[in-house]
Amino acid sequence: WPVESKTFIPPLLRRLKKGSDQSPFMVISAAGAVGKSALAKFIASDRTALLWDLGKQNLGDHLVKGTLSEIFDFEEAGRISNLIANGSLALVVDALDEAEVRSGSERLERALKDFANVAGKSSKPTIIFLARTETAQFIYSLLSEIPTIRAEIPAYEIDFFNREKS
């Protein structure tokens with residue numbers, strides 16, 4: 001990650017797909033226990049973004065707006081949804097692999113389409129997805145097939161720390 005921190009040593013990120021700076025999405029993958037959640041927390045803090053851990057949540061239709069409506073009052077949920085839609089507020093979504101295990105691939109697909117409905121027309125990275133490798137590949141493939149997403153999605157993989165960083 002390009003930002004230096006005294007309390008966080010960013011992992012090594014290997015670019016898998018160059019993608020575009022105008023993509024509304026970014027996908028970050030890694031093996032289990034490599035630091036996806038720590039990176040998610042750091043990115044959310046660094047970017048003043050919302051952090052959403054889906055590890056214990058059931059997925060389904062209208063996930064984004066439905067959850068925002070449960071957390072915030074009607075007006076605030078709409079305001080936050082609009083900020084995400086126009087790229088003014090980023091959303092870091094962690095543990096999609098765990099959500100897939102809980103809910104299944106079909107519900108993950110529906111949830112991803114909901115994320116695309118909310119932020120798919122943004123012209124800057126708005127939603128950053130973190131998941132284990134297989135789920136991240138599924139996320140990348142599914143989002144890449146949505147016709148309204150015009151920019152290629154950047155994809156990264158968290159590498160293991162080398163001796164110097166560990």
Side-chain angles (χ1 to χ4, degrees), residues 1 8-19 23-72 77 80-81 84-85 89-122 125-149 151-161 165-166:
W1 202 252
F8 179 75
I9 299 172
L12 303 171
L13 288 179
R14 186 166 49 97
R15 185 184 300 226
L16 301 175
K17 307 273 185 188
K18 183 174 185 277
S23 171
F25 305 109
M26 180 185 297
V27 179
I28 301 174
S29 66
V34 173
K36 292 180 296 295
S37 293
L39 179 60
K41 289 174 187 170
F42 176 74
I43 293 169
S45 174
D46 181 61
R47 303 292 170 167
T48 316
L50 296 177
L51 175 61
W52 193 352
D53 182 348
L54 289 179
K56 292 183 172 77
Q57 188 161 357
N58 292 319
L59 304 178
D61 297 324
H62 311 293
L63 174 71
V64 181
K65 288 187 179 179
T67 302
L68 289 175
S69 295
E70 287 177 16
I71 296 170
F72 303 102
I80 291 171
S81 180
I84 294 169
L89 178 65
L91 184 58
V92 180
V93 184
D94 190 26
L96 278 108
D97 48 303
E98 295 171 36
E100 181 181 24
V101 169
R102 288 179 61 84
S103 303
S105 296
E106 184 179 309
R107 285 182 173 233
L108 174 60
E109 182 174 339
R110 292 197 324 245
L112 291 169
K113 287 179 180 176
D114 192 42
F115 281 110
N117 285 336
V118 171
K121 294 179 183 166
S122 175
T126 302
I127 301 181
I128 301 169
F129 296 107
L130 292 96
R132 290 187 185 186
T133 304
E134 185 176 322
T135 302
Q137 289 169 344
F138 177 76
I139 293 165
Y140 182 87
S141 295
L142 184 103
L143 292 175
S144 295
E145 292 173 6
I146 296 174
T148 55
I149 300 171
E152 187 177 347
I153 300 165
Y156 297 88
E157 181 176 57
I158 300 173
D159 256 343
F160 294 98
F161 280 106
K165 289 244 181 184
S166 60

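When atom types are taken as modelled, the side chain of D159 and the backbone of L12 share no donor-acceptor pair closer than 3.5 angstrom. In this structure, S81 contributes its side chain and A77 its backbone to no donor-acceptor pair below 3.5 Å. S45 contributes no side-chain N or O that, together with a main-chain N or O of K41, makes up a donor-acceptor pair within less than 3.5 Å.
For the atom pair CG (L68) and CG (L91), the distance works out to 8.0 Å, reported to the nearest 0.5 Å. Once rounded to the nearest 0.5 Å, the distance linking CG of D94 with CG of L96 reads 8.0 Å. Rounding to the nearest 0.5 angstrom, the gap separating the OH atom in Y140 from the CD atom in E145 is 11.0 Å. Taking CD1 of I158 as the start and CZ of R132 as the end, the distance is 12.0 Å to the nearest 0.5 Å. Rounding to the nearest 0.5 Å gives a distance of 11.0 Å between CD1 of I127 and CD1 of I153. Note that CG of D97 is 9.5 Å distant from CG of L108, once rounded to the nearest 0.5 Å.
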- After noting the C-alpha distance and the side-chain angles of W52 and Q57, does the key distance pass the side chain to side chain contact (heavy atoms under 4.5 Å, CB included) rule? CA-CA 10 Å; W52 193 352; Q57 188 161 357; 2.9 Å; yes

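In this pair, F129 and F115 present their aromatic rings perpendicular. The plane angle is above 60°, beyond the 30 to 60° band.
Among all heavy-atom pairs drawn from S29 and A136, the shortest one is CB-CB, 3.3 Å. Contact record, I146 with K113: CD1-CG, 4.5 Å, taken as the closest heavy-atom pair. The shortest heavy-atom contact between T48 and L89 is O-CD1, 3.9 Å. In this structure, L59 and E100 approach most closely via the heavy-atom pair CD1-N, 4.4 Å. Between P154 and F25, the shortest heavy-atom contact is CD-O, 3.2 Å. For P24 against A119, the heavy-atom pair with the smallest separation is CB-O, 3.1 Å.
The pair E98-R102 does not meet the salt-bridge criterion, since no charged nitrogen lies less than 4.0 angstrom from a carboxylate oxygen.
Checked by atom type, the side-chain pair S23/E152 shows no donor-acceptor distance below 3.5 Å.
A heavy-atom distance below 4.5 Å is found between the side chains of I80 and L50. Side-chain contact between V93 and I128: absent, with no pair of heavy atoms (C-beta onward) separated by less than 4.5 Å.
Each of V92, V34, I28 was scored for a side-chain contact (heavy atoms from CB on, under 4.5 Å) with L39, with one residue passing: I28.
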